[in-house]
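Quick notes on the structure that follows.
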Protein chains: 2
Amino acid sequence: MRKFLNVLKKCPLFFDLSDNNIITMLECLEAKTDIFDKNYTILSEGTPAKYIGIVLSGSVQITRTDYYGNRSILGNLCEGELFSEAFACVQMTSMPVSAIANERSKIMFIDCSHILHTCQKDCPHHQQLVYNLMKVLALKTVMFQQKIEIISKRTTREKLLTYLTICAKKNNKNSFKIPFNRQELADYLEVDRSGLSAEISKLRKENILECKRNYFKLL
Amino acid sequence: MRKFLNVLKKCPLFFDLSDNNIITMLECLEAKTDIFDKNYTILSEGTPAKYIGIVLSGSVQITRTDYYGNRSILGNLCEGELFSEAFACVQMTSMPVSAIANERSKIMFIDCSHILHTCQKDCPHHQQLVYNLMKVLALKTVMFQQKIEIISKRTTREKLLTYLTICAKKNNKNSFKIPFNRQELADYLEVDRSGLSAEISKLRKENILECKRNYFKLL
DNA sequence: TCCGTTTTGTTGAAATTTCAACACACTTTA
DNA sequence: TAAAGTGTGTTGAAATTTCAACAAAACGGA
């Protein structure tokens with residue numbers, strides 16, 4: 001556990017908690033970890049939500065697949081980020097999404113009810129956890145709003161440019177790498193891959209952006 | 001204040017609190033109320049988020065308008081529901097959406113920092129408020145996921161049917177009223193109004209649904 | 001009831017997306 | 001190094017959406 005302390009210290013769930021406090025809490029919370037190989041399902045659509053997931057290493061994609069097999073990517077999570085926290089908070093009986101390991105990843109699981117209900121030992125910093133979780137939930141809402149802003153645009157070009165602009169803002173730079181390949185980007189923007197490739201070509205010809213694989217630069 | 005107690009008792013923020021507790025808390029929280037006429041702006045895109053809004057009467061729409069003047073409707077809130085809670089929690093300096101009175105509405109405002117930081121009197125049930133707010137935030141995330149599920153569909157027909165199916169589930173009935181007129185429904189589904197009307201006509205001819213204004217019945 | 005206003009339905013043309021199929025570049029593995 | 005697999009770009013046809021404009025229906029006062 002201690003090995004991943006530097007990751008957990010960056011994790012917003014443990015914001016403002018000392019190393020020792022984090023370690024003590026992990027015991028109270030009965031945190032467990034598991035390793036998943038690339039493309040393995042960490043949490044499965046349709047199953048009950050009980051655990052909050054924390055990415056200790058690697059990365060995770062949140063996806064949904066409809067009847068027709070169309071995949072939709074809700075987001076990509078890196079080291080220190082949480083997933084499934086909202087569903088676990090409301091104890092959803094059937095999760096609307098799956099969590100898939102994007103590469104070999106180590107995941108920590110925390111039973112959400114252990115955060116919501118104070119443990120017997122009544123750890124003094126439990127309250128901080130609750131506030132932190134609240135912040136995480138609020139930020140997730142903001143993130144989803146952004147995703148809605150992107151996919152509510154009517155054309156592939158607008159969706160792409162809205163997404164890239166948000167990326168540029170986040171990186172404070174107009175050049176950056178995105179965590180998706182073309183198909184994944186298409187699934188995130190909810191558009192057709194070939195149409196997306198065509199649009200990227202156009203934008204390149206119009207000198208609006210440079211792009212090489214998952215590297216982009218806005219001009 | 002007391003006049004709206006029956007609404008506040010239904011409000012998820014005050015879940016599991018007695019009438020007296022609610023009244024006491026409202027003072028600690030320095031809750032204020034205001035009345036807005038139809039189409040008036042309650043909270044404005046681009047301004048700092050500080051207050052949580054609660055609909056005491058009437059109804060509120062959460063909207064965003066882009067450069068080109070395209071309106072997007074994020075959701076519709078009825079009596080007892082909250083808005084702006086996520087933005088207020090993270091003390092956003094520039095809200096990404098506006099809140100508009102859908103009809104003459106009475107709104108209660110609570111400074112979010114009063115919930116996040118315990119008051120001097122240290123009211124014994126303050127903690128319950130925090131838990132309740134957390135539930136609200138988690139449910140909002142779930143709601144936005146649903147909206148993403150709807151608008152990630154590629155055709156107007158699929159978007160509409162996905163939305164109506166969710167409505168039917170929520171109402172536990174295959175006939176129900178929706179809180180939108182045609183233009184608003186189009187702005188919620190992020191599609192063209194005339195195309196939406198055409199699609200509704202088709203579905204009617206195919207005996208897949210009945211519809212009269214904002215009343216729908218799935219067959 | 002009548003009139004003005006708002007809401008809804010309809011239509012055709014233009015723009016855009018999706019779909020399927022294939023070529024090419026790049027990686028990985030044998 | 002060759003072969004297989006993955007990722008990306010390109011294309012044209014079909015399907016769908018958007019846009020603009022107008023007609024019809026419903027609604028809300030006076």
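Sequence lines set the chain letters: A, B, ... in the order given, protein chains first and strands last, and positions in each chain run from 1.
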Separation of D:dG9 C1' from A:Leu196 CG (nearest whole Å):
11 Å
Roughly, in whole Å, what's the span from CG in A:Asn39 to C1' in D:dT6?
12 Å
Pairwise side-chain contact, B:Ser44 with B:Met95, heavy-atom cut-off 4.5 Å (strictly under):
no
Got a sec, which residues hit ring pair (Phe, Tyr, Trp, His ring centres under 6.0 Å) with B:Phe109, two or more places apart in sequence or on another chain?
none
Between C:dT8 atom C1' and B:Phe216 atom CZ, what is the distance in whole Å?
11 Å
Atom-pair distance (CZ on B:Phe180; C1' on C:dT8), nearest Å
17 Å
Check whether B:Thr162 reaches the backbone of B:Leu160 with its side chain - one donor and one acceptor, N or O, closer than 3.5 Å.
no
Any side-chain heavy-atom pair of A:Cys89 and A:Glu85 under 4.5 Å
no
Ring pair (Phe, Tyr, Trp, His ring centres under 6.0 Å) filter on B:Phe144, not counting sequence neighbours, yields none
Whole angstrom is fine here: how far is it from CG in B:Leu161 over to P in D:dT16?
13 Å
State plainly whether the residues B:Glu199 and B:Arg157 are in salt-bridge range, i.e. N to O under 4.0 Å.
yes
Here the distance between atom C1' of C:dT16 and atom CG of A:Leu160, to the nearest Å, is 15 Å
Could you state the CZ-C1' distance from A:Arg204 to D:dT10, rounded to the nearest angstrom?
12 Å
Rounded interatomic separation in angstrom, taking NZ from A:Lys38 and C1' from D:dG5:
13 Å
Which nucleotide in the list D:dG7, C:dT8, D:dG9 gets nearest to the side chain of A:Ser201?
D:dG9
When you check every protein heavy atom under 4.0 Å of nucleotides 17-30 of chain C, what one-letter string (B, S, -) results, 5' to 3'?
SBBBB----S----
